[in-house]
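Notes to accompany the following structure.
No hydrogens, no waters, no symmetry mates; every other heavy atom, side chains included, goes into these values.
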Amino acid sequence: MLGQEHSIEVNNLTKYYGPVMAIHEVSFNVEKGEIVGFLGPNGAGKSTTMRILCGLITAKSGSAKICGIPIASNPDEIKRRIGYMAENNPLPEDMRVVEYLYYRGRLKEIPRKRLKDRVEETLELCDLNRTARRKVIANLSKGYRQRVGIADAILSEPEVIIMDEPTIGLDPHQVLMIRDLIKNLRGKMTVIISSHILSEVELCCDRVIIINQGHIVACGTSESLRNEFINNTTYTLNLKGKTEALDSLLREIDPDLVISSSPSDINEDYYDLELTTPHTHNLSEKILTRLYEHPQFRVRELRRKVPNLENIFLAATRRSWDEDIPLSINKVDSGKKNNQETGVVE
């Protein structure tokens with residue numbers, strides 16, 4: 001962590017759209033300079049939470065602070081402290097990229113003597129300076145539009161950046177460029193990213209927060225969540241030989257190590273099978289050593305499967321469904337509007 005003061009503090013936020021609950025008692029903190037992924041299924045409450053943090057909507061109860069400043073009582077000051085990139089990334093299509101950034105810089109109250117240098121720095125950082133600088137936004141590809149959205153978000157050098165689906169709809173090359181751009185913000189700005197592309201979140205985020213049914217169901221690093229939600233270790237084995245002696249050999253290595261997936265047809269050729277144990281320590285060396293020593297087996301490959309963020313996400317959300325978190329009526333998509341909104345209790 002880069003400091004003791006939290007850049008984002010959320011305590012017991014609750015939000016209803018009419019009688020329907022969007023989020024309930026949501027709490028989490030984000031430290032200075034962290035990049036945090038904010039994950040959840042559709043309608044889980046991600047967009048509602050992020051819009052509250054941006055000061056775009058208010059909550060029924062709870063409190064939220066950006067850089068120690070209460071959002072509900074200081075919405076204008078909060079907007080000066082954050083950069084926000086919405087999911088649909090609305091841009092004026094009749095403006096050139098450089099013109100748009102100058103326009104946004106004036107709206108963000110960047111001093112005139114600093115504005116030119118900051119626009120040039122942002123164009124360079126987002127790789128817009130050479131190919132897209134003078135292009136009309138309507139003629140930009142999806143990837144370049146996303147880069148313009150990120151440039152807008154970081155233009156005023158805010159302390160906190162909030163991005164909603166920054167890589168949605170991009171090809172792999174464009175995703176790689178956006179990922180590198182986000183990584184370059186680490187330590188300089190606090191970044192919270194909502195995304196459905198879990199592999200990207202795992203690669204560029206320091207920590208993840210998972211929300212489901214309006215409740216935070218998991219929070220931590222990928223490694224800590226892997227230990228919390230994945231309660232077994234799986235090995236994929238490619239070998240040659242009869243399996244009759246394999247069960248007893250595996251029990252010698254680990255009494256809980258079992259064949260969890262067997263091939264349908266075992267012949268003289270090499271075949272694949274899966275081994276599973278509830279223990280998390282690495283047994284690869286022991287398995288290989290015992291199989292090499294055994295005259296009936298020939299091993300071609302052994303791989304220990306490490307659960308990725310997608311496995312963790314599915315396990316965390318499945319657990320929350322199994323625990324049957326109570327809802328007040330049915331959940332709705334957090335983007336729907338309702339006229340019945342009240343202020344945040346600070």
Side-chain angles (χ1 to χ4, degrees), residues 33-44 46-47 50 83-91 93 97 100-101 121-155 161-211 218 221-223 225-226 230 234 236 301 303-317 335:
E34 261 194 314
I35 301 178
V36 173
F38 194 51
L39 311 177
N42 290 331
K46 300 187 304 297
S47 294
M50 297 181 85
Y84 177 55
M85 179 182 174
E87 179 180 352
N88 57 2
N89 192 19
L91 298 170
E93 299 199 340
V97 171
Y100 173 67
L101 292 180
E121 290 168 5
T122 305
L123 286 169
E124 189 65 31
L125 182 63
C126 297
D127 198 19
L128 295 166
N129 204 22
R130 289 174 291 278
T131 55
R133 176 189 182 90
R134 300 294 301 170
K135 283 190 176 182
V136 177
I137 291 176
N139 297 330
L140 295 178
S141 68
K142 174 71 173 177
Y144 275 104
R145 284 172 177 254
Q146 295 295 83
R147 278 194 252 179
V148 172
I150 295 175
D152 180 10
I154 69 175
L155 181 61
I161 304 291
I162 298 176
M163 299 182 183
D164 200 355
E165 299 289 351
T167 58
I168 191 170
L170 304 186
D171 64 42
H173 182 64
Q174 293 168 335
V175 168
L176 181 62
M177 289 188 290
I178 298 298
R179 182 206 305 165
D180 290 339
L181 177 55
I182 292 171
K183 283 183 177 180
N184 287 335
L185 301 177
R186 178 176 284 109
K188 303 172 186 175
M189 303 172 186
T190 301
V191 184
I192 182 167
I193 303 169
S194 170
S195 179
H196 285 96
I197 305 178
L198 303 187
S199 59
E200 290 305 312
V201 171
E202 188 165 26
L203 286 170
C204 68
C205 292
D206 303 308
R207 199 159 51 92
V208 294
I209 299 168
I210 302 176
I211 186 171
T221 63
S222 295
E223 184 62 31
L225 295 182
R226 187 178 294 115
I230 307 298
T234 301
T236 300
E301 183 182 21
R303 287 187 295 112
R304 180 172 179 252
K305 298 174 71 173
V306 178
N308 56 25
L309 186 56
E310 181 177 351
N311 303 131
I312 297 168
F313 176 84
L314 292 172
T317 52

### Query
If only atom types and distance count, is the side chain of S194 paired as donor or acceptor with the main-chain N or O of K46 below 3.5 Å?
no

### Within-4.5 Å side-chain heavy-atom neighbours: Q146 and M85
yes

### Task
Could you tell me whether the side chain of S195 reaches within less than 4.5 Å of the side chain of T167, counting heavy atoms only?
yes

### Query
Quick one: side-chain contact (heavy atoms from CB on, under 4.5 Å) partners of A86, sequence neighbours excluded?
Y84, N88, P90

### Task
Using the test salt bridge (Lys or Arg N to Asp or Glu O under 4.0 Å), find all partners of K142 that sit at least two apart in sequence or belong to another chain.
none

### Query
What residues, two or more places apart in sequence or in another chain, satisfy side-chain contact (heavy atoms from CB on, under 4.5 Å) together with L198?
L39, L309, E310, F313

For residues 132-139, tabulate all N or O donor-acceptor pairs below 3.5 Å that involve a side-chain atom, not counting sequence neighbours.
| from | atom 1 | to | atom 2 | distance (Å) |
| --- | --- | --- | --- | --- |
| R133 | NH1 | E120 | OE1 | 2.9 |
| R133 | NH1 | E120 | OE2 | 3.1 |
| R133 | NH1 | N129 | OD1 | 2.8 |
| R133 | NH2 | E120 | OE2 | 2.7 |

### Task
Apply salt bridge (Lys or Arg N to Asp or Glu O under 4.0 Å) to E200 and list each qualifying residue two or more places apart in sequence or on a separate chain.
R179

### Message
Tell me every residue that passes side-chain hydrogen bond (donor to acceptor under 3.5 Å, both in side chains) with T221, counting only those two or more places apart in sequence or in another chain.
### Response
S224

### Task
For a side chain to side chain contact (heavy atoms under 4.5 Å, CB included) with D180, tell me which candidate from I178, I182, L176 qualifies.
L176

### Task
Mind jotting down which residue pairs meet the salt bridge (Lys or Arg N to Asp or Glu O under 4.0 Å) criterion with at least one end in residues 146-155? Sequence neighbours excluded, please.
R104-D152, K108-D152, D127-R147

### Query
Could you give the distance from CD1 (I35) to CZ (R207), rounded to the nearest 0.5 Å?
12.0 Å

### Query
Given the rule in the side-chain contact (heavy atoms from CB on, under 4.5 Å) test, do V191 and V36 qualify, once you have shown the distances and angles that lead to the verdict?
CA-CA 6 Å; V191 184; V36 173; over 6 Å; no

### Message
Taking the side chain as everything from C-beta on, heavy atoms only, tell me whether Y144 gets closer than 4.5 Å to T131.
### Response
yes

### Query
Does the pair I161 and I192 meet the rule for a side-chain contact (heavy atoms from CB on, under 4.5 Å), with working shown?
CA-CA 6 Å; I161 304 291; I192 182 167; over 6 Å; no

### Query
Does the side chain of I154 reach to within under 4.5 Å of the side chain of L185, using non-hydrogen atoms?
yes

### Task
Show your reasoning for whether side-chain contact (heavy atoms from CB on, under 4.5 Å) applies to I230 and N311.
CA-CA 8 Å; I230 307 298; N311 303 131; 4.3 Å; yes

### Task
Check salt bridge (Lys or Arg N to Asp or Glu O under 4.0 Å) between D206 and all other residues, then give those that pass, not counting sequence neighbours.
R186

#### Entry: N308/E202 under side-chain hydrogen bond (donor to acceptor under 3.5 Å, both in side chains): CA gap, chis, key distance, verdict
CA-CA 8 Å; N308 56 25; E202 188 165 26; 5.6 Å; no

### Task
Under the side-chain hydrogen bond (donor to acceptor under 3.5 Å, both in side chains) rule, collect the residues that match up with R145, sequence neighbours excluded.
E93

### Task
For the pair I150 and L125, evaluate side-chain contact (heavy atoms from CB on, under 4.5 Å) and give the outcome as yes or no after the intermediate values.
CA-CA 10 Å; I150 295 175; L125 182 63; over 6 Å; no

### Query
Who passes side-chain contact (heavy atoms from CB on, under 4.5 Å) against S199, sequence neighbours left out?
I197

### Query
Looking only at heavy atoms, which two atoms of D164 and S47 are closest? And how far apart?
OD2-OG, 3.5 Å

### Closest contact, heavy atoms only, G33 versus T190
N-OG1, 3.0 Å

### Task
Sequence neighbours left out, what passes side-chain hydrogen bond (donor to acceptor under 3.5 Å, both in side chains) with K183? Give chain and number order.
none

### Query
Looking only at heavy atoms, which two atoms of G37 and V201 are closest? And how far apart?
CA-CG1, 3.9 Å

### Message
I need the minimum non-hydrogen distance between A44 and I211, along with the two atoms involved.
### Response
CB-O, 3.5 Å

### Query
Is there side-chain contact between K305 and T236, with at least one heavy-atom pair below 4.5 Å?
yes

### Message
Checking E121 now: which residues fulfil salt bridge (Lys or Arg N to Asp or Glu O under 4.0 Å) with it, not counting sequence neighbours?
### Response
R114, R118

### Euclidean distance, C204 SG relative to N184 CG, rounded to 0.5 Å
11.5 Å

#### Entry: Between OG1 on residue T317 and CD1 on residue I312, distance to nearest 0.5 Å
11.5 Å

